[in-house]
Structures are given as structure tokens and as C-alpha cells.
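For reference, the structure is listed below as C-alpha cells.
Every chain is numbered from 1, with letters handed out A, B, ... down the list of sequences.
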Amino acid sequence: MEYNFSELEPRWQKYWKEEGVYHVENGGEPSRPNGSNGSVRPHFYVLDMFPYPSGAGLHVGHPLGYIASDIYARYKRLRGYNVLHPMGYDAYGLPAEQYAIQTGQHPAVTTEKNIARYREQLDKIGFSFDWDREVRTCDPKYYKWTQWTFIQLFNSYYCNQARQARPISELVEVFAKQGTEGLDLACTEEMHFSADEWNCWDEAKRQQVLMNYRLAYLADTYVNWCAELGTVLANDEVVGGLSVRGGYPVERKLMRQWSLRISAYAQRLVDGLEQVDWTDSLKEIQRNWIGRSEGAAVWFPLAGTHSSVSPERADSSPNIGEHQDGTAFEIFTTRPDTIFGVTFMVLCPEHELIGSITTPEQKAEVEAYVTWAKNRSERERQAEVKKVSGVFTGAFAVNPLTEEKIPIYVSDYVLAGYGTGAIMAVPAHDSRDFAFARHFGLPIRQVVSLEKDVTSDPATWSESMDAKTGYSVNSGFVTGMKVKEAMAAVIDKIEEMGIGHRTVNFRLRDAIFSRQRYWGEPFPIYYKSYEVGGKRYEVACAIPEECLPLELPEVSEFKPTATGEPPLGHAKRWAWDTKTNSVVDVSDIDNETVFPLELSTMPGFAGSSGYYLRYMDPTNDKEYFSESAVDYWQNVDLYVGGAEHGTGHLIYARFWNKFLFDLGLAKKEEPFQKLINQGMIQGRSNFVYRSKADNNLYISKGLIKSMDDVTPIHVDINIVDNDVLDVERFREWRPEFKEARFELEDGKYICGWEVEKMSKSMFNVQNPDDLVARYGADTLRLYEMFLGPVEQAKPWDTNGIEGVHRFLKKFWKLYDNCLSNQSNQNNPSSLKTLHQTIKKITDDIERFSFNTAVSTFMICVNTLTDQKCASAEVLKPLAVLLAPFAPHIAEEVWHGLGGEGTVCDAEWPVYDEKMLVEDTVKYPVQFNGKMRFMLELPAAATQQEALEAVKAAPESAKWMTGEPKKVIFVPKKIINIVC
RNA sequence: GCUCUGGUGGUGGAAUGGUAGACACGAGGGACUUAAAAUCCCUUGCCCGCAAGGGCGUGUGGGUUCAAGUCCCACCCGGAGUACCA
């Protein structure tokens, strides 16, 4: 009987589907016939990052992670766990919308089509997903809860003291009672007001103030505007001044946008990393992105104004670091110990103080610089980082510790978005300040030295001394202290003086949440207008929760409107009637009861931030997910996906989960307990080499004398096998190769190869369907695992796939022999092989070493073949071991040998310890502390036997003087000899 | 620059501090076959040697250890992340 994978695989896939074998229920009821004695099964949640269904379909890189997680999910199921292993689609996104703009096809239509194609491809690989739990982010039943969460964010503020999100209604009450007195709140701008002030304000003003504290808030912020895409982008969607999608230029622009106050959670996002089982590198990526740095905020008075700073003023930090009376400004530094080395100050070009402090003589120059700096694109700015630019304001500040007058400059190397947008420059100990000082000929003063009391002339330095080590010098009262001590001492001093305080700064900025696009979740927000004192205010209001979902309207065009509004501006029915609580025509807007709805939509990460929770209870239309569901599943035990989401999705999802945790909905603070990053699969391109002398002559790789004589040409990897070109198919491939002649080596044309990105234009895209058709899903699954460690990036090549396929054929042959030859008896050695395999496979799976697991299977089958053993007693447990990796063949064998139910319901075999005892053990023999030789002894050897063996030691042991008297076994398999 | 990773045959890759190179591919040789495919067997890190055997070998240089691919220090070279973040 042949191993006919193309018949048996679809047959089992159909069976699994019809029988609902992978359907999971919440709760641990033992649905398995031979389950864990009726006891409640433990739960386990294995999740893949759901894909964006692109038009190109799956390539072999996509399923790598899915296969790994499927193996683990199946393994856990076989070990008696109730395993949640769902799949869905991140269906909102730019490509479908770009396609719609070009072709007029509705994104919903193309998305639907792509999903169908993905599903078809996924099904062929034999995954154990519970498709009853599928979610799609573009499905109103799903995004209802994305919108719902947004409303909760909108209706929440963050209390820094409680380290928790709380309802905004609570804040309204507190404001009415005590104003901002005694509160520490996450906000856009520091505000201070009394209860009386609050109570006097009208509704519009109050709403404006509340917006400052909401976790989802509307604010004028500098955004990454991508004109080509017609939308703003989040920081992680921009790399090097270009959009990640499409690579279009991005500029800074001040726009009114929805943002999520993710910065409020910065500290918790850092702390939470301690609790999760992720790789160090990914944790580090997140830590760097969050960018926590400790330091001090210090007020520097302006020279020429009164330099006294009142303490209560100093504790607060008004907008962009400026005193309301304009007599001082605040800076942030991580090196307070170097304050005696400040020789100039620098403000960012956006700093509010610039206008008021610039002297008349400098005004023109400063204004020209600020204009220039503001209009520079992000890309230009980043490309010219090394170029020093800036201008003197003519104004001076006073160093609060030395009373020294120091000049104030403006330069774009100081960023508006970080700290207070102003710095104290210490050129001797900061490389950027150093470059600036050198460029403008400003003084450089050494205040830190590696050795106590030893200084040198900074004029002779080629670079600044940035390291936080050594001792303070020339630094007043901290001179002689170690850097760390000096930092503490200076902070203590400035706190005592009331001009500054210890503080922590984060690089992480709030996430901009608006996209000027069509294909995304609409905001459940409408705008009421107020007219107060001749001024018009717009107040954002959430639509009532019970009216959700607010469905994405139809539009006539997917492009922005003529007035530059987002595509939703084309929608006819896009106004909110507060009387009927329903969507009505835009023409009905009266600003009395009918109001305009928000025109932008939510970004891609909105729908993907909480999807793992929805899988727990995907059809619930009353709640996001039920309490009992989340109580049962808790959080994701194992999450598998690419590390490229380290600064995007994985930050947003953690934030989202922490927020839901604060609301009491999520039960664990961290959503993903263990995380494995599957390495990217790169393409492996093949080349043919065309002779430059003869356009129809192609030279085999080994015969090329010089690469200058030939032109390498990408060739479709599907007509190359093990780097050997199928010359006939090559001639047929394209008309230009029809007349091709070849210079062959050993009758073959050998192609060159190179590792490149997997892309259509390089003809190196491997489609999993082709491999499934040729070798079967089981071979594909095993091969993808065999390729190397899951975490490691590697180029795709099919050079070893035959070996894996051969293994399955050998396994099949054992099974076939077993069926045809019932007289096959077990022998002790084959049982031993089985038990060794059980132990090794279990170990390998537990440590996610799937590539060695596949090797283990190969060794096992080879050994059993040698041992001529093919009894059902050995093969049935083997089928179970193999089931996570190659479920189809495992199922077939299991059934063929009389297994009950499906192999998915079997029990993971337990190995017998006694079977594994080694016959012999190798001991290093040690004498006088020196290792002398290796000795092989029976595993159960006694002291006496060991002594005899040492006496009878080989020639190499003749160094010994006298007879060994005693042999001592010491840990780690060493024999010590005493004479 | 900073941070994280990794460096082992012709290739992908194995090795709780204990015989480096498992397993697989590729290559070479052989069996079966009229032939091919499929299948099976042998060889395959490098150097010397007819052989038995010997020498050298995990990026480089040191160190710890009876014993180092593995641990420690310094350096070199890749890959990734991030970048005027004060």
C-alpha cells in the first residue's frame, strides 16, 4: 500500500470538519471519551497573530508560526488540556482601500475574497483551529466592541496615585468639590484650578478641561502626516521619515486628532515586562521604545527678570515648560550632577518662550531659523542629524546654583515632544552639546573626571565624556563626589531650593488614533456645537453604548473630499440624531438635535488590540466577552508571531489589556504570558547566468570563469530543483528564453542563489499550495519545522524537503508491514526505542525545539526499520507522538491499527523510566586531580567493579604509581581514584 | 552611537561543562533494474598515511576548569531594533 497523501489528507480534513473535532467549549468538561477521569481539564490558550488577508495569498513564511503553534496546541490537547486555538482576520487595512481607490471595488468585497482564499490555503495545511470562534475586525459584530472600548477610554481618566484608570464622572464630582487640589492625573497639559473656578465654568469650558484628562482625547498634536496616503500615521508606522506601507514621505503637521493616553501607562508597561515570559531581545525592544529615563526637572530663571522662583510654582509644570509670568523655564536632564558645567541653554524651535525672550537685534535671525526648522521635512531632518544648526536668541538665563549668566540658543536638535522642549547644555559631557559648542565656539567646561581631582583642557578633547562614571570636579559643593552621589546631592539641593524635582521621563508618546481613511472602524462620536460669547465650541460626545455598533456608512468615493475631508465626508447618511438615537442624513444636521458624526476612522491597531479577548466569547452580543469566559481562559498562555510587532501591536495590546484590567474586565494585567517570535522566512532566489558574449548562451554556475563575463538573471524557483535548472521548462518559461542554449556541468545546469526578501519580482515566492500538492501537508508541516529553530530567521529553500518526505514514507512502510505481517513481534530493543523517543519528543516540544523533534522521529523510524519491528504496540503510541506534527498520517495509522476515536482524542504516551536506563556509562577517570582517561562501565557498576576496571585500564592509564585502592564516584559522572 | 542577537563541515543545522559535527540535504561509490524512477547499503570536517594510526579543528586572543562550542574578560565580523529622547 502506497503512502497516498493526496487521498488521505483531504479525507481527514473533511472528517475533522464534519465531526467538529477541534471545537472547544469554555469550561473544562471532559468531552474526550477517555479523558482525565471525568475531572475538569486545565485550560490552555494558544494564539497566533491573526493575518491581514492580502491579495497575494499566503506564502510559505506565513504558516511557519501557525504550524509551530498548532503543534503545541495539539500537544497540549493530547496532554489533557482544554485548548483554545482560534484564528481570525485583521481585515481593516490600507491595501484594500488603496485598491478600492484604484478600481472602485468596495474594500469589503476584496477583503471577503481574500479571506476566502486564505481560508482555503489554511485548510489545506491541516490546522486544528476552532473556526467557530473566527473573528474579523471589519465585522460590525466585532467592531461593536472596539467602539465600545473606545467609549470606555473616552469616559475614563488616569489617576497616577492609584495607578489606575477611573471613570471620568468621578473626576467631575471631585472637580466640583476640590478643583485640582491634591490630584495627580495623567493629562495633556498641567492645569490648576479651584472648585469655585470649575463651578463657574459653562459646559463647553468644562468639556474642554475634561478632554485634557480623558484616556481617549482630542487634541492639536504634531502628527506624522503622509500626503500620499492622505492620512496621519502612528510613530511605529513611520521608519526613517517614510511610511512603512508604501514608503512615502511623511511630514510633521499640527492637526486636531484623537489620541490614546498610552503614556499614562508607560511605567506599568515597563514593569509588566518583568512578569512575562518573552525573549530578552523583545523585552529590550519594548523598553527602548518606552524609553524610561530618570533625572530632574529644573527651573532656570531668565536673566534680567527677578530671579526668585516661588516654590509652589516650581512644583507644577505649566505648558511647555514656561512660567506663566515668563520669568523662568523648565528643563529636563538625566545628568543633574553636571549642572556646574552648563555653558548655554537650548530651546526647541516650537518653544513658546522664543517670541517673548528674543532680543530685537536677534529677532529676524531667530524667526528665519524657526520658520526654516518647522518647514523641514522629517526626512530631511533625520538625514542631516550630523549637521549642526541653531541661532542665539540674544537672551540669557541664570544658572540657579552658580548665578552665572548663560546664553539661550534655539536649535532643532532639541525636540518639542520630549521632556520640556528645553535643555541645559553641558558640552563637556554630552556629545550633541559638544558638537554644538564647537560649531558656535561656545565654552566647554569639564565637571566630571574619571580620576579624582585630575582634569584636562577640554579644548584638546576630540569628543565629550558622556559616561556616567567618575568623580565631579569644578562643581562647587559636589566636587569630589562620585557621579551617582553628585546626582542625588544636586537633586536634593534643587528640591530644597524649590526650583526643581526628581522626575522620570518617557520616550513613549500618546498613540494618535485618527486615520483620514475609509476602511476602518468609525468613531462612535458626534460633535455638538456651543456658541459662547460669540465663540463657537465643538464638543465631542459619545453615542450611547446601546446604539453600537455604529456601522461604517456607504460612500460614493473612497478618496478625500474636495474640501480635504476624509472619505467619510462623502457619506450621505452620517449624522447623529439624538432624539431617535440613530444615524440620519447629513442634510438633516441642525445642531439642535442632529449633529455631525466624526469623519475619520480608527487605525489598524484598534481592532487588533483586544481580539484575543473576543475569541474567548466570540458570539456574545451583550458583552465584549462574558465574565465566566474570561474567568476560565484568563489570558493567552502562548502567543506566536513576528517580532516586527514589538513596537506596535504588542505595545497597544498590552495597553488595551491593562485598561480593561483597570475596568475589572480582563483578569490578568498582561495579555500574553509567553511569547515566541517566529523568525522571518526570507526568499532564496535562483539565478541563471547569461553570457555577455552570446545572448542565448547560459553558463552553469561552476563553469563561470569571471562574473564579468555573465549577467545573473532571476529565475523562477519553481523550475529549479536543488539548484538544478529544468532547462526545458526554462525555455518554455518566457519567450526570450526559447532559443536558450546551455553550457552544462555533468549534464546539469547549476543555478546560483542568494538570500533576498520574498517577493514576486524576484521569482522566489514559494506558495504552500504547490508544496502541499507535491508532497502533502504533513511533509510541508514537518519540513517547515525541520528548517531550523522557529525563532530564527532563515531563507526558504526546498533542498531538504525530500528527506522529510522520505521519513513519512518510511513510517508508512512500518505501518504497512505491521498490517500485512501480523507475526511481527516486539522485541525489547524496539520498545526501548519507543520509550526513548517518547522522552525526547516530549522534551523537544516543551522547549519548542521542533526541528530536533523532527530529527528524533527520523532516528526512531530508522532504528525501528533496522530492528525489523513493526508491531502495533510500538506504532500506535508513535502515531500519537507524531500527531501534533503530521496529523493526517498519524490519524490514518491510528485508525488503521484499531485506535479508538480520533488520534486527537488519544492520550499522550508516558515513557517507562526503566526502559531508558543506559547499559553503559562513560566516566572520566580522575587521579591526583587530573583527568586521565575515559572509562566505559556498566551503568549499574559497583565500586568493586569500577576498581577492577581501572586496574585493567588501557595502555593510556599506565601512568599510575602503585595500585589504586579506592574508586570514588563523584557527581557529574567522574571517577576519582585514591592510591 | 546605544541595545539585543548570532559566528560550528560544501549546505540547513545538532550538542543539561563530559567522545564536536546528531539528523537531513548535497557529493562520491555500490546493489537491484534491459533502462530509468523508486528503494536499499557504504564513504563523506581538514591534513599526513597503503594501512594500523597520528596531527589539527566550533570567528580571534587570553582566562577559569581534570574537562570549554558551551562559563568569564578583551577584540573582530555578520543580523536585528532604535536613534539628535537631553
Spacing of the P atoms in B/G78 and B/G30 (rounded, Å)
45 Å
Specify the separation, in whole Å, of atom CD of A/Gln766 and atom P of B/G12.
18 Å
Gap between atoms CG and P, on A/Leu787 and B/A14 respectively (whole Å)
11 Å
Distance between P atoms of B/G18 and B/U11 (Å, rounded)
26 Å
If the sugar-phosphate is the primed atoms plus P, OP1 and OP2 and the base is the rest, what is the B/S/- string for nucleotides 75-82 of chain B, using protein heavy atoms under 4.0 Å?
------SS
Whole-Å distance, A/Asp430 CG to B/C2 P, equals 14 Å
Can you tell me the base-pairing partner of B/U11? Count Watson-Crick or G-U wobble geometry only, both distances below 3.5 Å, and say none if there is no partner.
B/A24
Taking any heavy-atom pair under 4.0 Å as a contact, classify A/Lys283: base, sugar-phosphate, or nothing.
nothing
What pairs with A/Arg507 under salt bridge (Lys or Arg N to Asp or Glu O under 4.0 Å), at least two apart in sequence or on another chain?
none
Please list, pair by pair, any protein nitrogen or oxygen found under 3.5 Å from a nitrogen or oxygen in nucleotides 22-27 of chain B.
from: B/A24; atom 1: OP1; to: A/Asn862; atom 2: ND2; distance (Å): 3.1
from: B/C25; atom 1: OP1; to: A/Arg806; atom 2: NH1; distance (Å): 2.5
from: B/C25; atom 1: O2'; to: A/Asn799; atom 2: O; distance (Å): 2.7
from: B/G26; atom 1: OP1; to: A/Asn722; atom 2: ND2; distance (Å): 3.2

Find the distance A/Glu784:CD to B/G12:P and express it as a whole number of Å.
18 Å
Using atom C1' in both nucleotides, what's the gap between B/A36 and B/G45 to the nearest angstrom?
34 Å
Start at the 5' end of RNA chain B and walk down; is the nucleotide closest to A/Gly788 or to A/Met424 reached first?
A/Gly788
Taking the six-membered ring for Trp and the full ring for Phe, Tyr or His, determine whether the centres of A/Phe440 and A/Tyr409 are under 6.0 Å apart.
yes
Nearest-angstrom distance, C1' atom, B/G13 to B/G6:
14 Å
Heavy atoms under 4.0 Å, any strand shown: does A/Ser293 hit a base, just sugar-phosphate, or nothing?
sugar-phosphate
Kindly write out the residues that satisfy salt bridge (Lys or Arg N to Asp or Glu O under 4.0 Å) with A/Asp277, not counting sequence neighbours, or none if the list is empty.
A/Lys674
If pairing requires Watson-Crick or G-U wobble contacts with both distances under 3.5 Å, which nucleotide is the partner of B/C71?
B/G63
Scan A/Arg509 against the nucleic acid and name what it touches under 4.0 Å (heavy atoms): base, sugar-phosphate only, or nothing.
base
Separation of B/G13 atom C1' from A/Asp844 atom CG, nearest Å, is 14 Å
For the C1' atoms, the ones on B/U82 and on B/C25, what distance do you get once it is rounded to whole angstrom?
38 Å
Are the aromatic rings of A/Tyr783 and A/His805 close, with centres under 6.0 Å apart?
no
Please give the distance between the P atoms of B/C47 and B/A31 as a whole number of Å.
28 Å
With sequence neighbours excluded, residues passing salt bridge (Lys or Arg N to Asp or Glu O under 4.0 Å) with A/Asp337
A/Arg335
Going by the rule salt bridge (Lys or Arg N to Asp or Glu O under 4.0 Å), which residues pair with A/Asp844 if we only count those two or more places apart in sequence or in a different chain?
A/Lys840, A/Arg847
Which whole-number value in Å describes the distance from A/Trp278 CH2 to B/U3 P?
22 Å
Partner nucleotide, any strand, of B/C46 [Watson-Crick/G-U, under 3.5 Å]
B/G55
Grab the CG-P distance between A/Leu814 and B/U39 for me, whole Å please.
15 Å
Count the heavy atoms belonging to other residues, nucleotides or ligands that lie under 6.0 Å from NZ of A/Lys283, then report whether that count exceeds 12.
yes
Centre-to-centre under 6.0 Å for A/Phe807 and A/Trp812, is that the case here?
no
Quick check: on RNA chain B, is the nucleotide nearest A/Gly419 upstream (toward 5') of the one nearest A/Glu284, or the reverse? Name the residue that is more 5'.
A/Glu284
Using 30° and 60° as the class boundaries, would you call the ring planes of A/Phe857 and A/Phe885 parallel, tilted or perpendicular?
perpendicular
What's A/Glu644 touching, base or sugar-phosphate or nothing? Going by heavy atoms closer than 4.0 Å.
nothing
Describe the nucleic acid contact of A/Pro795 in one word from base, sugar-phosphate, nothing, applying a heavy-atom distance below 4.0 Å.
nothing
A/Lys809 side chain N/O closer than 4.0 Å to the phosphate oxygens (OP1, OP2) of B/U39?
yes
So, using side-chain contact (heavy atoms from CB on, under 4.5 Å) as the criterion, who are the partners of A/Glu802 when residues are at least two apart?
A/Tyr775, A/Arg806
Considering only the P atoms, how many Å lie between B/A74 and B/A20, rounded to the nearest integer?
29 Å
Could you let me know what B/U3 is paired to, Watson-Crick or G-U wobble, both distances under 3.5 Å, or none if it's on its own?
B/A80
Taking the same atom, C1', in B/U8 and in B/G12, what whole-Å distance lies between them?
13 Å
Syn/anti state of B/G13 by chi, 90° boundary around 0:
anti
Set of side chain to side chain donor-acceptor pair (under 3.5 Å) partners for A/Glu728, sequence neighbours left out:
A/Arg731
Residue pairs, two or more places apart or on separate chains, that pass salt bridge (Lys or Arg N to Asp or Glu O under 4.0 Å) and touch residues 287-297 of chain A
A/Glu274-A/Arg287, A/Glu284-A/Arg287, A/Arg292-A/Glu294
So, is A/Arg287 close to the B/C2 phosphate, meaning a side-chain N or O under 4.0 Å from OP1 or OP2?
no
Does B/G13 have its OP1 or OP2 closer than 4.0 Å to a side-chain nitrogen or oxygen of A/Gln792?
yes
Check the distance between B/G1's P and A/Lys468's NZ and give it to me in whole angstrom.
19 Å
